[in-house]
Amino acid sequence: MEGDTNRNSSPTQSKWRKVAYGGMQPGFDDNHTDESFLEDMVMNANVVKRDMLKVMLNSVSISQYLCIVTLVVLVWTYTLKSTINENSLLLLDVVLLGLGFFVLLLTAEMLSFNHLLNYVLKISFFIAGLYVLSPIYHTLTRSISSDSIWALTVSLITLHLFVHDYSGSTIKALGVSEHPSFMSNISLNASIVASLLIASRLPSRLHVFAIVLFSLQVFLFAPLVTYCIRKYSFRLHLFLSLGLMAFTLALCYSLHRLIFVLLLSLIVFINIVCPYWLIRIQEYKFEINGPWDEAKLCFNITE
């Protein structure tokens with residue numbers, strides 16, 4: 001009788017509840033968990049199964065831009081050697097500008113006459129300003145030694161390749177509301193400074209104007225043109241990329257065998273070795289998700 005009384009008078013222990021902000025629960029330690037804590041645990045929920053061929057095809061964009069930058073460096077080299085004169089450079093600038101507008105007209109879905117006229121006016125002002133500033137660029141690095149110029153140019157081009165946005169372009173296509181990232185702006189600025197350093201070592205102001213215009217056309221508009229082509233037709237993108245790689249390798253082979261071997265090794269490394277590594281390391285990826293994860297916004301915050 002006395003035992004029943006004591007048993008009824010003892011307090012009943014409450015059930016442990018999984019709460020985030022409730023303080024310590026009576027009868028349980030602060031770090032207590034029961035068997036229900038891991039019921040909602042999910043393993044490898046966001047792991048993407050990648051296909052080797054698809055990864056290799058997507059990596060073609062990196063090799064394509066690497067070849068574009070290599071062509072720019074080759075034009076710089078032939079210009080410094082006086083193999084290409086200023087008239088040839090100006091003709092090359094006109095051809096590239098015409099091809100760029102043709103590709104935009106062919107691939108852009110929202111390009112109207114007003115947009116095209118706006119592009120033409122902006123590029124005209126840009127070319128006029130560049131021509132006026134050419135005498136300044138010509139004497140910009142007169143007091144700096146050539147060895148310092150070459151070392152700084154190589155460093156800037158390397159920085160440009162490492163932080164470049166290979167998924168798009170700094171100049172966005174029509175209808176794209178995203179702003180360029182901070183790293184893509186750094187990449188663009190590095191390429192522009194490298195172009196000015198090379199231009200300051202040329203013999204005449206017309207040389208400076210032609211080579212800077214060529215470099216800015218490539219670094220500013222080539223990513224936009226390649227992005228529009230890839231969006232328009234992926235097969236056309238692959239065909240042009242393979243042709244560009246073959247053309248660049250042929251020019252490097254005619255210039256120096258070591259440069260050809262280095263570029264070919266980089267292309268093989270980017271398009272074959274790196275995709276293989278990516279597929280292999282997916283086997284060791286282990287991700288745990290559950291109700292303890294931080295909340296993530298499911299929408300973009302725009303100004």
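Below, each value reflects all heavy atoms present in this structure, side chains not excepted, and no hydrogens, waters or symmetry copies. What you see is a predicted model; the values in this text were computed from it and never measured.
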Would you list the atom pairs, donor with acceptor, under 3.5 Å between side chains in residues 89-101 and any protein atom, with sequence neighbours excluded?
from  : atom 1 : to     : atom 2 : distance (Å)
Asp93 : OD1    : Phe214 : N      : 3.4

So which heavy atom on Ile270 is nearest to which on Ser63, and how close?
CG2-OG, 3.6 Å

Can you see whether Ser184 engages Ser187 through a side-chain donor-acceptor pair at a distance of less than 3.5 angstrom?
no

Using the salt bridge (Lys or Arg N to Asp or Glu O under 4.0 Å) criterion, which residues pair with Arg280? Sequence neighbours excluded.
Glu283

Closest contact, heavy atoms only, Leu130 versus Tyr137
CD1-CE1, 3.7 Å

Please tabulate, for side-chain N and O atoms in residues 198-213, each donor-acceptor pair with protein atoms closer than 3.5 Å (sequence neighbours left out).
from   : atom 1 : to     : atom 2 : distance (Å)
Ser200 : OG     : Thr141 : OG1    : 2.4
Ser200 : OG     : Leu197 : O      : 2.7
Arg201 : NE     : Ser146 : OG     : 3.3
Arg201 : NH1    : Thr141 : O      : 3.0
Arg201 : NH1    : Thr141 : OG1    : 3.1
Arg201 : NH2    : Ile144 : O      : 2.4
Ser204 : OG     : His207 : N      : 3.2
Ser204 : OG     : His207 : ND1    : 2.8
His207 : NE2    : Glu86  : OE1    : 3.2

Any chance you could measure Ser134, atom OG, to Leu140, atom CG, to the nearest 0.5 Å?
12.0 Å

d(Leu238 CG, Ser233 OG) to nearest 0.5 Å is 8.5 Å

Does any non-hydrogen side-chain atom of Tyr78 lie less than 4.5 Å from one of Leu255?
yes

Would you please say whether a donor-acceptor pair under 3.5 Å links the side chains of Ser195 and Trp76?
no

Run the side chain to side chain donor-acceptor pair (under 3.5 Å) check on Thr158 and Ser155 step by step: do they pass?
CA-CA 5 Å; Thr158 304; Ser155 302; over 6 Å; no

Using side chain to side chain contact (heavy atoms under 4.5 Å, CB included), reason through Leu224 and Cys228 one step at a time and then give a plain yes or no.
CA-CA 6 Å; Leu224 174 62; Cys228 291; 4.1 Å; yes

Inspect the surroundings of CZ in Phe260 and state if more than 12 heavy atoms from other residues, nucleotides or ligands are less than 6.0 Å away.
yes

Within 6.0 angstrom of Phe102 CZ, more than 12 heavy atoms from elsewhere:
no

Compare every heavy atom of Thr226 with every heavy atom of Pro223, then report the nearest pair and how far apart it is.
O-OG1, 2.9 Å

Enclosure of Trp150 CH2 (heavy-atom neighbours >12, cutoff 6.0 Å):
yes

His160: which residues meet the ring-ring contact (aromatic ring centres under 6.0 Å, His included) condition with it, sequence neighbours left out?
Tyr65, His164, Phe219

For residues 243-252, which side-chain N or O atoms pair as donor and acceptor with protein atoms under 3.5 Å away, sequence neighbours left out?
from   : atom 1 : to     : atom 2 : distance (Å)
Thr248 : OG1    : Leu244 : O      : 2.7

Can you name the nearest heavy-atom pair linking Leu258 to His256, along with the distance?
N-ND1, 3.0 Å

Please round to the nearest 0.5 Å and tell me the distance separating atom CE of Met56 and atom CG of Asp51.
10.5 Å

Gap separating the CD1 atom of Ile192 from the OG atom of Ser215, nearest 0.5 angstrom
10.0 Å

What distance do Leu66 atom CG and Ser61 atom OG have between them, rounded to the nearest 0.5 Å?
12.5 Å

Rounded to the nearest 0.5 Å, how far apart are CG of Leu196 and CG of Leu216?
7.0 Å

Could you list who else is in Tyr232's hydrophobic cluster, with ILVMFWY side chains joined at under 4.5 Å, directly or through other members?
Val103, Val225, Ile229, Leu236, Phe239, Leu240

